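Step one of this worksheet: look at the structure below.
Bear in mind the structure is a predicted one, so any value in this text is a computation, not a measurement. All chains are named by letter (A, B, ...) in the order of the sequence lines, taking the proteins before the strands, and each is independently numbered beginning at 1.
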Amino acid sequence: MERTNEAVKDLLQSEALNREVIVKGWVRTRRGKKSVNFIALNDGSTIHNIQIVVEVDQFDEDLLKSVTTGAAIGVRGTLVASQGKGQHVEIQASEITLYGEANPNEYPLQKKGHSLEFLREIAHLRFRTNTFGAVTRLRHAMSFAIHKYFNDHRFYYLHTPIITGSDAEGAGEMFRVTTLNMENPPGRQNGGIDFSQDFFGKETNLTVSGQLEAELGAMALSKVYTFGPTFRAENSNTPRHLAEFWMVEPEMAFYDNDDNMDLAEDFTQYLVGYALENCYDDLEFLNNMYDNQLLDRLRFVVDNTYERITYTRAVEILEGADQKWEFPVEWGVDLQAEHEKYLVEQYFKKPVIVVDYPREIKAFYMKQNEDGQTVRAMDVLFPKIGEVIGGSQREEVYSKLNQRIEELGIPKEQLWWYLETRKYGTAPHSGFGLGFERLMLFISGLSNIRDVIPFPRTPNNAEF
RNA sequence: UCCUCAGUAGCUCAGUUGGUUAGAGCACCUGACUGUUAAUCAGGGGGUCGUCAGUUCGAGUCUGACCUGGGGAGCCA
């Protein structure tokens, strides 16, 4: 069969009827009657299937027997207005090509629903489900929208390294990158491993953040962003953590933390709005199947401004709350999941941005406030998923940054290049990191991060 | 890593106080039906009850360890 097939999505919207078409895809169901069969065919272009009508006596019996759930077929036929209810158009088949059968005694997917846990075990096939098709299309749309937003706002996409020689950010345990023989690595005289003999002549790891490098780009191109894989070797077993995830990190020269928050709010509202405008069918499916508040929640985020409060005010609210905390609240401690949930879901009932955290619980590079106690950090907290963005204004004054590095005992020799940006043409600047899969959790309404990335990498799991 | 819950047919699940041959729906096979919508109806095949050890006359059921998965927590995005 020639390669002139049309996408199911286009065929379903087509107004040119009574013409010959070719469609190719995977069978979802075949319903039988003695004289006529109905095949629901899906090619991934939309969550909807197209119905193929088959007059049984015009086709080989063995061929139709092989058209089972999961089989790949091509169909030539006439696109017509449907005689039945439930769809506008359908295809009267004149020719069916079987590309690949799917033995129904072995094929694990059925037309009935499967649990998300089971689908994780067959991640190589779960793309063929409605849920994962919807998530995959949404993930694509969000990736595209991220690039579009930044491009439209004169940001430049900066490719920061995957392999890094510095462990400076302290954002978590890192994965070692090495070509040394692990069974017999070269030793140093005073013990330990001699990494000078390793591929890069030094210890290297997978990146935990592209921020430090992004700052270098921002100090010339004004506005840049990264969007790439990020790795954390933490032994985190939760529905919100991955060992390999994708992070978006914009970095803007001449932005203070208020500008930073404005951007974070506008950016996330744009993404949610983009999903509502361009992926409504998929969102509607997820809303109906998994989370009937999803569409309302997405619309609410687009239509309402985020609440902005200081850390100090947040602590006051939590201390005054008529609620028992597992982790007691006092000024100076980091906010726990239960505290963030309370602020977002019960107190304000909308996304919340918390700013000006105590310096002791935040990273070394954050801009120090005049009070000597807080830094210009900002975390964006979303309902259901908690922290979706963490960011800050950066310390651009060399002496203050240098002092903070020394106070914390961070190996300065690894950061000489970062410090030089504060020596030559330093400028106020800000940025943030958005966990892409956390955003996907919010957009999709799903609750486990392993269901919004095609091939999740978690402790003890690198299958597929 | 800690706490907690679970693991029974290919999938989703039921299984009483420990007691004869472990059940249902879907899927699969056979048949019925002139357009179905997760089609329907009738019949049929399908099980090492997560693994190992223990208690008992007797274990899917009770105990322990381990494995796997879910939820919560920590770390964080």
Item to check | Side chain of A:Pro239 - closest among B:G72, B:A39, B:U12 | outcome: B:G72
Checklist entry - Looking at the rings of A:Tyr157 and A:Phe227, which for Trp means the six-membered one, are their centres under 6.0 Å apart? => result no
Next on the checklist: Quiz question: going by heavy-atom distance under 3.5 Å, is there a donor-acceptor pair between the base of B:G69 and the side chain of A:Glu121?
Outcome noted: no
Checklist outcome for this item: Listing for RNA chain B: consecutive Watson-Crick or G-U pair runs of at least 3, distance cutoff 3.5 Å, ranges ordered by first number, gives B:1-7 with B:67-73, B:10-13 with B:23-26, B:28-32 with B:40-44, B:50-54 with B:62-66
Checklist entry - Just by distance, do the side chain of A:His153 and the backbone of A:Phe150 share a donor-acceptor pair under 3.5 Å? => result no
Next on the checklist: Holding to side chain to side chain donor-acceptor pair (under 3.5 Å), I want the full list of residues that pass it with A:Arg139, two or more places apart in sequence or in another chain.
Outcome noted: A:Glu437
Checklist outcome for this item: What residues 336-351 of chain A contributes to the RNA chain B interface at heavy-atom separation below 4.0 Å is A:Gln336, A:Ala337
Checklist outcome for this item: side chain to side chain donor-acceptor pair (under 3.5 Å) filter on A:Lys341, not counting sequence neighbours, yields none
Next on the checklist: Is there, by distance only and without an angle test, a donor paired with an acceptor across the side chain of A:Ser236 and the base of B:C76 below 3.5 Å?
Outcome noted: no
Checklist entry - Which part of the nucleic acid, if any, lies within reach of A:Thr238 when heavy atoms closer than 4.0 Å are counted: base, sugar-phosphate only, or nothing? => result base
Checklist entry - Just checking A:Asn37: base, sugar-phosphate only, or nothing, at a heavy-atom cut-off of under 4.0 Å? => result nothing
Checklist entry - Contact class for A:Phe327 vs. all strands (heavy atom < 4.0 Å): base, sugar-phosphate, or nothing? => result sugar-phosphate
Next on the checklist: So, OP1 or OP2 of B:C75: does either fall under 4.0 Å of a side-chain N or O from A:Arg240?
Outcome noted: no
Checklist entry - Using a cut-off of 4.0 Å on non-hydrogen atoms, how would the nucleic acid contact of A:Ser82 be classed: base, sugar-phosphate, or nothing? => result base
Next on the checklist: Quick check for you: among B:U37, B:C11, B:U30, whose closest atom lies nearest to any side-chain atom of A:Arg31?
Outcome noted: B:U37
Checklist entry - Testing A:Val355, A:Leu335, A:Thr374, A:Val375 for side chain to side chain contact (heavy atoms under 4.5 Å, CB included) with A:Tyr311, which one passes? => result A:Leu335
Checklist entry - Applying side-chain hydrogen bond (donor to acceptor under 3.5 Å, both in side chains), which residue pairs with at least one partner in residues 48-60 of chain A are found, sequence neighbours left out? => result A:Arg31-A:Gln51, A:Asn42-A:Asn49, A:His48-A:Asp281, A:Gln51-A:Glu90
Item to check | Check: A:Glu117 side chain, B:U68 base, donor-acceptor under 3.5 Å | outcome: no
Using distance only, find each side-chain donor-acceptor pair of residues 96-107 of chain A under 3.5 Å and give its atom names and separation, not counting sequence neighbours.
residue: A:Tyr99; atom: OH; partner: A:Lys24; partner atom: NZ; Å: 3.3
residue: A:Asn103; atom: OD1; partner: A:Asn105; partner atom: N; Å: 2.8
residue: A:Tyr107; atom: OH; partner: A:Arg128; partner atom: NH1; Å: 3.4

